[in-house]
A.B. asks: 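Take a look at this one; I'll ask things after.
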Amino acid sequence: MDILENLNKEQIEAVKYIKGPLLVLAGAGSGKTRVLTTKIAYLIQEGIDPNNILAITFTNKAAGEMKERIYKLIGYATKSMQISTFHSFGLKIIKENYEYLGYDKNFGVFDSDDTLTIIKKILKEKNLDPNKYNPRGIRNQISKLKNDLIDVNDYSKYALTDYDKIVLEIYKKYENDLIKNNSLDFDDLLVLPIKLFQERKDILDKYQEKYQYILIDEYQDTNEAQYKLTKLLASKYQNICCVGDADQAIYGFRGANYKNILNFENDYQKTKVINLEENYRSYKTILDAANSVIKHNLNRKEKNLYSNLGIGEKIEYYRASSGVDEVNYVVNKIKELNKEDVSFNDIVVLYRTNAQSRIFEDGLLKANLPYKIIGGLNFYSRLEIKNLLAYLRLIHNPNDDVSLERIINVPKRGIGLKTVNNLILNANNLQTSLYDTISSGKELLFKNIIEELREKKDTMPLVDFIDLVLDKSGMKEELKNEKTLEADIRLENLEEFKSVAKTFEEENGVISLEDFLLNISLISDNTEIKEINNCVSLMTIHAVKGLEFDYVFIVGMEEGLFPHQNCFTEEEIEEERRLCYVAITRCKKKLFISNAMIRLMYGSDQVNPVSRFIKEIDNSLLECKNKFSLNKENFSVNSNANLKKIDYNNSKEEKINVKNNYTVTTMDYKVGDLVYHENFGMGSVLEIIENKKDETKTLLKIAFKLPYGIKTLIYNHKSLRKV
């Protein structure tokens, strides 16, 4: 068969270029996987031994699909080929050379749970408080160090703080424990082959001879270890083909370095670069919008997506008056699409953070529209939400044994299974609740916390009470100390739960904890019913990469949400812009974008400026479906993409206490400056609200990381300084 049939000119050029380094810059929807698989088939047709080909991708699923596609093209020749993930390839190298690395043949590989168990054991041996030195956070930090190729000796040069010095001690002990157990961890599958190749040139030469043709998919997602391993193998023959798109590099938080693809031509001097710019997925309007946004990134390779599928409809933009108004808009649009015979399966709602799903889940439930959460759980099914609800239920009803069992050791208090079983035995003998049997030990400290909270449950607004529960229980502190991305997401979800309480209070007036819990039970019960086949998809933008839908809603396009408020540096903003590019290019037929003038977030009303990414879309591509015109809105974006002249008249600002709260300073703040606050940490100046008559009353509106959010502070605030 003609394997080049139906490929375009650029795709054929990429397939047929087989001698020397090749960089294929494949835009979204441009058929990169087809090019990669066809290229492998072409190599074999040209007489290259399949055993001399190494193809690397990032997931086992992708590797399996690649093998299947190549098999359909050329048959059984794929059986002997090395088509795998980086880690599977690394394991193969170690298995074949274990003795040179100091391991016995029967070595084991620890997964992340095994690693966590070892770190917990080390903390216990060293008598270190796991609340202060969170084992998950330390596990993730060690993993990052390994993937950055920083060993114990290297890290000792950088460990300056007391915390880092403790991590260094644990890192040393952890590595020794691995060796003692004749085991490696998942990160060693990359680190050890690099170590082997650097120390044994003869072994490196053997693998360079074996894998003379190397193909890497999604090269923009490689980390330092993956980059180094690839470069060592390819350095001899340099028949390396890397396929990727720097504009779709969105995994910096995982350690991926998009600069690897930008620097490819520096690493391989005679590189051939081919752009795949024809998109086979989307209408021209959608691609023009994606191009107009991403061109604002400075660190990228120039390319412009185009399509021959037609112009398509304009992008519908809705500036809602509130978060609820935005949900109603999305729900009504989904109803309209469904009436036009659009399947629910062809519709997706995309948001920047997991916590945003909650309000859209509620809206779809009320409208009786089917939905499913992709890449995550329904809001009320998430572990941290279930734990918080268990606290609230136990506070309301101390006889709730199920809730008590769930959270008596959440967060960890040293209350083990044996203690709980003794409580159950005593409760059964006395025919009473577990709560009533508690009279001593660590479990009594837990009971005292619940009693203290029970006394206060009817003395304050529900939102404030939930905040108190999060503090007194230790749940919030545990997540802050964990210092992981997963913990930050859980913290956001807990903060968003306060919005649930706030909304319920506003709709029903002053309510009791009992009423609130009953309402939550009804909502969470309905949530389970909605998991059916034909349904609207809800997911974060990170989760949608690699997928496509006919109709896409990108919601919450506001400063502080998207781009996220935790992004301060220009490099972080550029990754957010790439994330926006990915979101837009998921759409095939029609794109809807929306935001809100005022939004209830984390239990309080916030006024977030319109996302800079909307301003970066050419006006001619947008159709505004509300009374707020893009040209007339009271905001502007300067050349550095920072926002000014924002109307905060409708926001609920915190009261400012001027007396004794400022210092005389000549500090010259500008919009976009990074600042540090003694209590809130790092932040970015969103707006300067000047008061020329009295400088002490000039205000700074600053976006801090969660859970603090946007704060308004005095210009000369004594706790604030410029970074």
Side-chain angles (χ1 to χ4, degrees), residues 28-29 59 61-62 65 248 250-251 279 281-283 286 289-290 312-313 315-318 320 323 326-382 385 489 492-493 496 523-524 526-557 561-562 564 579-595:
T59 66
K61 181 182 177 184
E65 289 174 354
Q248 296 186 75
I250 60 173
Y251 297 121
N279 177 285
R281 174 191 299 157
S282 309
Y283 287 128
I286 294 163
E313 295 182 67
I315 297 164
E316 194 163 305
Y317 169 52
Y318 186 72
E326 182 185 31
V327 170
N328 291 336
Y329 160 75
V330 172
V331 167
N332 289 332
K333 283 293 171 184
I334 291 172
K335 286 180 178 178
E336 287 176 19
L337 290 170
N338 190 239
K339 284 180 182 177
E340 296 168 4
D341 293 327
V342 173
S343 168
F344 288 127
N345 283 335
D346 294 328
I347 302 170
V348 67
V349 179
L350 300 178
Y351 36 79
R352 175 61 180 83
T353 68
N354 276 283
Q356 288 172 259
S357 76
R358 195 273 310 171
I359 191 171
F360 287 94
E361 288 183 67
D362 290 353
L364 291 165
L365 280 169
K366 288 175 183 175
N368 200 31
L369 293 176
Y371 73 89
K372 61 182 175 182
I373 305 288
I374 305 294
L377 296 170
N378 291 305
F379 185 79
Y380 297 102
S381 299
R382 293 167 190 166
I385 299 301
I489 291 171
E492 281 187 355
N493 290 334
E496 178 58 21
I523 294 173
S524 57
N526 283 337
T527 300
E528 300 303 320
I529 298 172
K530 288 295 170 184
E531 295 289 350
I532 59 177
N533 290 327
N534 182 25
C535 49
V536 176
S537 295
L538 302 182
M539 66 181 87
T540 65
I541 301 170
H542 280 102
V544 80
K545 188 170 184 289
L547 303 178
E548 57 186 47
F549 294 84
D550 287 350
Y551 300 90
V552 173
F553 292 83
I554 308 176
V555 299
M557 291 197 70
L561 265 179
F562 192 26
H564 195 271
L579 196 57
C580 183
Y581 175 83
V582 166
I584 293 171
T585 54
R586 298 311 96 194
C587 184
K588 295 165 70 176
K589 293 184 177 178
K590 182 160 183 178
L591 178 65
F592 303 82
I593 58 178
S594 59
N595 52 37

A.B. asks: Could you give the distance from CZ (Arg358) to CG (Asn378), rounded to the nearest 0.5 Å?
C.D. replies: 13.5 Å

A.B. asks: Is there side-chain contact between Phe562 and Asn595, with at least one heavy-atom pair below 4.5 Å?
C.D. replies: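 Side-chain contact under 4.5 Å: no.
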
A.B. asks: Do Tyr371 and Ile334 make a side-chain contact, defined as non-hydrogen atoms from C-beta onward lying under 4.5 Å apart?
C.D. replies: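 A side-chain contact under 4.5 Å is absent here.
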
A.B. asks: Test your reading of the model: is there a side-chain donor-acceptor pair from His542 to the backbone of Ile250, 3.5 Å cut-off?
C.D. replies: yes

A.B. asks: Compare every heavy atom of Gly363 with every heavy atom of Val327, then report the nearest pair and how far apart it is.
C.D. replies: CG1-CA, 3.7 Å

A.B. asks: Take Ile374 and Lys372 through the side-chain contact (heavy atoms from CB on, under 4.5 Å) test and state the conclusion after the steps.
C.D. replies: CA-CA 6 Å; Ile374 305 294; Lys372 61 182 175 182; 3.5 Å; yes

A.B. asks: How far does CG of Asn332 sit from CG of Leu337, to the nearest 0.5 angstrom?
C.D. replies: 11.0 Å

A.B. asks: Could you work out, with side-chain contact (heavy atoms from CB on, under 4.5 Å) as the rule, every residue matching Lys61, not counting sequence neighbours?
C.D. replies: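 In terms of side-chain contact (heavy atoms from CB on, under 4.5 Å), with neighbours along the sequence ignored, Lys61 is linked to Thr59, Glu65.
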
A.B. asks: Is there a side-chain contact (heavy atoms from CB on, under 4.5 Å) between Val342 and Asp550 once you walk through the steps?
C.D. replies: CA-CA 9 Å; Val342 173; Asp550 287 350; 5.8 Å; no

A.B. asks: Apply side-chain contact (heavy atoms from CB on, under 4.5 Å) to residues Met557 and Tyr317 and explain how you reach the verdict.
C.D. replies: CA-CA 10 Å; Met557 291 197 70; Tyr317 169 52; over 6 Å; no

A.B. asks: So how far is it from Asp346 CG to Asp341 CG, rounded to the nearest 0.5 Å?
C.D. replies: 11.5 Å

A.B. asks: Output the distance between atom CG (Leu350) and atom OG (Ser357), rounded to the nearest 0.5 Å.
C.D. replies: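 The OG atom of Ser357 is 12.5 Å from CG of Leu350, to the nearest 0.5 Å.
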
A.B. asks: Are side-chain heavy atoms of Pro370 and Val536 found at a separation under 4.5 Å?
C.D. replies: no

A.B. asks: Taking side chain as C-beta onward, heavy atoms only, is Leu538 less than 4.5 Å from Glu361?
C.D. replies: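 Answer yes - side chains close enough.
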
A.B. asks: Show the nearest heavy-atom pair for residues Ser537 and Phe549, with the distance to one decimal.
C.D. replies: OG-CE2, 3.9 Å

A.B. asks: In terms of side-chain heavy atoms, does Thr540 have a donor or acceptor partner in Asn354 at a distance below 3.5 Å?
C.D. replies: no

A.B. asks: Of all residues at least two apart in sequence or in a different chain, which pass the salt bridge (charged side-chain N to carboxylate O under 4.0 Å, His left out) check with Glu336?
C.D. replies: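 With neighbours one apart ignored, the set is Lys333.
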
A.B. asks: In chain order, what residues pass the salt bridge (charged side-chain N to carboxylate O under 4.0 Å, His left out) check against Arg382, with sequence neighbours excluded?
C.D. replies: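 Expected list: none.
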
A.B. asks: Report the residues that fulfil ring pair (Phe, Tyr, Trp, His ring centres under 6.0 Å) with Tyr329, sequence neighbours left out, ordered by chain and then residue number.
C.D. replies: Tyr318

A.B. asks: Gln356: what forms a side-chain hydrogen bond (donor to acceptor under 3.5 Å, both in side chains) with it, not counting sequence neighbours?
C.D. replies: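 If we apply the side-chain hydrogen bond (donor to acceptor under 3.5 Å, both in side chains) test to Gln356, skipping adjacent residues, the hits are Thr353.
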
A.B. asks: Should Val348 and Met539 be marked as a side-chain contact (heavy atoms from CB on, under 4.5 Å) after you check the CA-CA gap, both sets of side-chain angles, and the distance that decides it?
C.D. replies: CA-CA 8 Å; Val348 67; Met539 66 181 87; 3.9 Å; yes

A.B. asks: Mind jotting down which residue pairs meet the ring pair (Phe, Tyr, Trp, His ring centres under 6.0 Å) criterion with at least one end in residues 343-368? Sequence neighbours excluded, please.
C.D. replies: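 As it turns out, there is no ring pair (Phe, Tyr, Trp, His ring centres under 6.0 Å) pair with a partner in residues 343-368 once direct neighbours are skipped.
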
A.B. asks: Where do Ile315 and Ala289 come nearest, in terms of heavy atoms and distance?
C.D. replies: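 Closest pair (atom of Ile315, atom of Ala289, distance): CD1-CB, 3.3 Å.
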
A.B. asks: Using residues 579-592 as the side-chain source, report each donor-acceptor pair under 3.5 Å to any protein atom, sequence neighbours left out, with the distance given to one decimal.
C.D. replies:
| unit_1 | atom_1 | unit_2 | atom_2 | d |
| --- | --- | --- | --- | --- |
| Thr585 | OG1 | Tyr581 | O | 2.9 |
| Thr585 | OG1 | Val582 | O | 3.1 |
| Arg586 | NE | Val582 | O | 2.8 |
| Arg586 | NH1 | Leu547 | O | 3.2 |
| Arg586 | NH2 | Gln248 | OE1 | 3.3 |
| Lys590 | NZ | Glu313 | OE1 | 3.2 |
| Lys590 | NZ | Glu316 | OE1 | 3.2 |

A.B. asks: If you compare all heavy atoms of Ala28 against all heavy atoms of Asn279, which two are closest, and at what distance to 0.1 Å?
C.D. replies: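 Looks like O-ND2, 2.5 Å.
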
A.B. asks: Quick one: are Ile385 and Phe379 in side-chain contact, heavy atoms under 4.5 Å?
C.D. replies: yes

